[in-house]
Each structure stands twice: as C-alpha cells, then as structure tokens.
Amino acid sequence: MSSNQEDHFDRLPDAILLLIFNKLLEAETLIRCLSVSKRFAYLIPQVDAIFLPLPLHVPNPKPRQVLPIKVLKIFVHNLIIKPIQFLHQVISARHASNYKPDHFLYCSPNEVLKNFNGVKTLHLKLPYIDCEMGFDSGDSLLKWKAEFGEELKSCIILGATSFQKGTFSSSINGKEREEEGEEEFLHPYLAGEELKSRIMWTISCLVSASVRHYLLKQIVAECPALQRVVITDIRKQGKLCMVEEQIVELRKTLKGTSLESSLERTPIPKLRVKLWYKPVMELPASGSAMKGVTVMLIKPAGRVTKGKSDGDLLVGGLDGEDEEKTVFGEAVREMVKRKPMFVMEMSSF
C-alpha cells in the first residue's frame with residue numbers, strides 16, 4: 001500500500017476491533033498481533049477471552065521418581081486387602097516422592113497472561129501426562145467433569161470398557177444378552193478386576209482434577225478480572241470448570257497464603273460417591289452402544305451444598321462436541337433412571 005492510500009482498517013472503532021480480537025481467542029495469535037501497531041498493542045491487552053494450550057514443564061534431570069500410575073496400581077492392590085488404609089497410603093507416597101514446588105507438571109501460563117490485563121474467560125488445554133489414566137483397548141471411554149471453588153464441589157465420571165457407534169454383534173441381542181442380564185441379576189455389585197478398574201478411574205480423575213485446580217491457583221492471583229475458567233486436555237478426557245462465584249471463593253482463600261506444597265495438587269476432602277453400573281447399554285437416539293458402563297457422582301461428604309440437585313448435575317454435567325454431548329447425555333440419563341448400585345464414602349487425600 002502506498003503512503004498516500006488510506007488504511008480502511010484504521011477507520012474501525014476500537015469497540016469493533018476488540019470484538020474481532022476476542023473472536024481470535026488464540027493467545028499465540030494475539031501476542032503476534034501486539035507488534036503490528038501501537039493501536040493493536042494498546043487494544044489487545046484489553047481482550048477478555050483467551051484460549052491457551054500449555055506444554056509440559058520439563059525439569060532438570062533428577063533421580064528417577066516413582067511414577068504416579070505405578071503407585072496407583074500398588075494402591076489398588078492394597079485396597080482389596082486393606083481398604084481403610086488405601087487413601088492414607090496415597091498421601092504418604094506423594095509426600096515421599098519429595099516433589100519441589102518449582103517442578104510443576106505444566107508450564108505456568110502467567111508469562112503469557114501478563115500480556116492481557118482484562119481476561120474474563122480463560123480456556124487452558126493441557127498435554128497428556130503419564131500419570132493420567134489410559135486404556136489398553138482403543139474403544140474404551142473415560143470422561144470426567146469437575147467443579148471447584150476453594151476445594152472440590154462435584155465430579156462426574158462416565159466410563160465404559162467398550163464404546164462404539166452402532167450396536168454390538170447380533171449375538172448381544174440373543175443368548176449372550178440374556179446371559180449378561182442373568183449375570184447382572186446374580187452379581188449386582190462390581191467385583192474383582194472390574195471393581196479395581198473403577199477405583200483406578202476414580203483416583204486418576206480426582207488426582208487430574210486436583211492438579212488442574214492447583215495450577216489455577218497460580219493464575220487467579222494474577223488475573224483479577226477472571227470470571228470463568230475451563231481447563232481441558234488434548235485427549236478431551238477431563239474438564240475442570242469454575243464460574244465467577246467459585247473463583248471469588250478461591251481468591252479469598254489465597255490471600256496471605258503460599259502455594260508451596262509437596263503434593264503439587266489441591267488436597268481432596270472426604271467424599272461421598274454414588275455409582276451406577278450396567279454391563280451392556282444400547283443408545284438408540286445416538287446410535288451407539290457401550291459395555292461395562294459406569295457413572296459416578298462424587299461430592300464432599302457430610303456437607304449441604306447449594307446449587308444444582310444430583311439429577312441436574314448428572315444430566316447436564318458431561319458436555320462436549322454436539323455429537324459427544326448427545327451420546328454422553330443419553331448414557332447418563334439412561335443410567336440415572338435406576339437407583340445407584342452403591343453409595344460409599346472415600347477418605348480425604
């Protein structure tokens with residue numbers, strides 16, 4: 001463009017430019033735009049919505065630590081023998097690992113967020129880490145959603161040992177389906193390896209959620225305008241959500257406190273767990289089918305919590321892309337038509 005030509009972009013009012021920048025969302029793109037012009041450098045820090053993928057933090061080489069997933073497997077074995085001591089061993093092992101507060105699992109987003117002083121809505125996407133639950137079978141499913149304030153408010157988990165579009169083999173509708181129905185009637189409770197896998201799901205999801213909440217504590221103090229946070233992961237397995245009221249509650253508890261902790265996560269309080277289970281489930285509305293379907297609703301024990309009822313939390317809890325939301329919603333609605341298989345309490349850890 002020659003010097004005597006008018007730049008029509010400059011004719012746009014600031015409000016329109018801010019609207020455009022807020023639609024960009026990507027932090028990396030916005031930071032690049034900072035260097036375009038003085039006007040951009042003035043307006044971009046006022047953006048109120050940011051999407052930021054985070055890389056893993058790579059610390060200096062240290063003596064090999066006990067991997068969290070191996071620790072969890074040992075604990076699950078011990079749970080069958082000594083259930084009362086299980087979660088106390090979690091605490092002991094995590095302290096024994098001797099993690100330092102400067103060795104966070106994820107790179108801190110604060111270095112990027114310092115470029116934006118008006119952020120109200122923040123979406124962080126985390127990479128995969130080894131301590132998160134994985135499956136040997138590619139058609140398995142594990143999804144969770146947690147809400148926090150100062151501490152855990154609720155966590156919903158949906159898991160299935162097999163998940164696919166369409167129905168299972170035609171034999172499912174015949175003899176095998178009848179046998180599975182008999183097995184569910186004769187054995188109404190999960191046991192053995194099936195029970196151990198659900199315990200692994202629960203602990204893994206709660207630890208992942210508490211690590212994300214601990215990461216958020218670093219952010220809240222540096223982003224005074226923050227009103228809504230969503231932290232997801234690259235595999236779309238879990239989601240931590242906090243709204244303005246919960247962020248205000250957390251911010252109050254952080255005043256005058258230090259984040260130094262050998263746990264590298266927010267402690268989980270004593271919990272009450274409701275579990276629903278069904279060996280086989282077909283979902284005609286979404287055209288999907290699942291095996292070993294488990295839904296869990298986890299809330300702090302012994303506390304009266306305001307807000308949504310258990311039913312509302314479950315039915316509206318697990319969301320995702322449009323197709324995923326339909327599948328998960330149908331599965332949860334189908335499960336909660338029946339009473340929970342069992343209700344149990346879990347020690348704090």
Side-chain angles (χ1 to χ4, degrees), residues 25-28 49-59 65 67-69 72 90-91 94-95 97-116 119-133 143-155 203-255 257-269 298 349:
L25 293 178
E26 290 272 359
E28 182 179 357
I50 296 291
F51 170 69
L52 177 60
L54 290 184
L56 276 176
H57 174 69
V58 182
Q65 304 285 352
L67 290 176
I69 192 66
L72 288 175
V90 175
I91 301 170
R94 288 296 289 166
H95 279 289
S97 65
N98 215 16
Y99 275 41
K100 301 297 183 183
D102 59 340
H103 291 164
F104 296 120
L105 287 172
Y106 308 107
C107 292
S108 173
N110 287 346
E111 189 65 24
V112 174
L113 293 177
K114 71 181 183 182
N115 295 287
F116 309 97
V119 177
K120 295 180 181 179
T121 301
L122 177 64
H123 179 184
L124 300 179
K125 179 181 282 189
L126 306 182
Y128 169 72
I129 59 173
D130 289 339
C131 66
E132 292 180 324
M133 176 62 69
K143 296 283 183 180
W144 61 265
K145 179 181 178 181
E147 292 189 4
F148 278 78
E150 175 188 358
E151 59 183 22
L152 181 70
K153 300 289 187 184
S154 66
C155 182
I203 299 299
S204 176
C205 293
L206 289 173
V207 169
S208 294
S210 66
V211 168
R212 297 182 192 195
H213 187 252
Y214 188 76
L215 173 67
L216 182 58
K217 289 179 179 179
Q218 306 171 54
I219 301 169
V220 166
E222 303 297 328
C223 299
L226 200 59
Q227 296 178 0
R228 184 174 183 271
V229 179
V230 175
I231 305 181
T232 58
D233 58 88
I234 196 167
R235 298 193 302 172
K236 299 181 180 180
Q237 186 178 90
K239 177 183 288 188
L240 180 147
C241 301
M242 290 181 66
V243 295
E244 184 176 11
E245 180 182 354
Q246 295 163 340
I247 293 172
V248 169
E249 177 186 326
L250 175 60
R251 186 176 284 118
K252 288 179 180 178
T253 64
L254 292 177
K255 290 182 178 179
T257 63
S258 171
L259 285 179
E260 292 186 2
S261 169
S262 60
L263 281 179
E264 238 185 86
R265 61 175 177 81
T266 298
I268 297 294
I298 305 168
F349 63 97

From [X] [atom1] over to [Y] [atom2], what is the distance, rounded to the nearest 0.5 angstrom?
X      : Y      : atom1 : atom2 : answer
Arg251 : Glu244 : CZ    : CD    : 9.0 Å
Lys153 : Glu147 : NZ    : CD    : 9.5 Å
Phe148 : Thr266 : CZ    : OG1   : 6.0 Å
Ile298 : Ser154 : CD1   : OG    : 9.5 Å
Ile268 : Leu152 : CD1   : CG    : 5.0 Å
His123 : Leu52  : NE2   : CG    : 10.0 Å

TODO: Could you tell me whether the side chain of Gln246 and the main chain of Val243 form a donor-acceptor pair under 3.5 Å?
DONE: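 Looks like yes, one N/O pair under 3.5 Å.
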TODO: Ignoring hydrogens and angles, tell me if any N or O in the side chain of His213 forms a donor-acceptor pair with the backbone of Leu240 under 3.5 Å.
DONE: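 No.
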Determine whether [X] and [Y] make a side-chain contact, defined as any pair of heavy atoms from C-beta on separated by less than 4.5 Å.
X      : Y      : result
Cys223 : Leu122 : no
Leu216 : Met242 : yes
Leu124 : Val230 : no
Val112 : Ile50  : no
Leu126 : Ile231 : yes
Trp144 : Ser204 : no
Leu206 : Phe349 : yes
Val220 : Leu254 : yes

Task: Where Pro127 and Leu54 come nearest, the two heavy atoms and their spacing - done: CD-O, 2.8 Å
Open item on the list: Heavy-atom count check: over 12 atoms from other residues, nucleotides or ligands less than 6.0 Å from Arg228 CZ?
Closed with: no
TODO: Report the C-alpha distance between Lys120 and Leu226 in whole Å, list the side-chain angles of each, state the deciding distance to 0.1 Å, and finish with yes or no for side-chain contact (heavy atoms from CB on, under 4.5 Å).
DONE: CA-CA 4 Å; Lys120 295 180 181 179; Leu226 200 59; over 6 Å; no
TODO: Could you check Arg212, Lys145, Lys143 and say which one makes a salt bridge (Lys or Arg N to Asp or Glu O under 4.0 Å) with Asp233?
DONE: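 Passing option: Arg212.
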Open item on the list: If the threshold is 4.0 Å, N to carboxylate O, is there a salt bridge linking Glu249 and Lys252?
Closed with: no
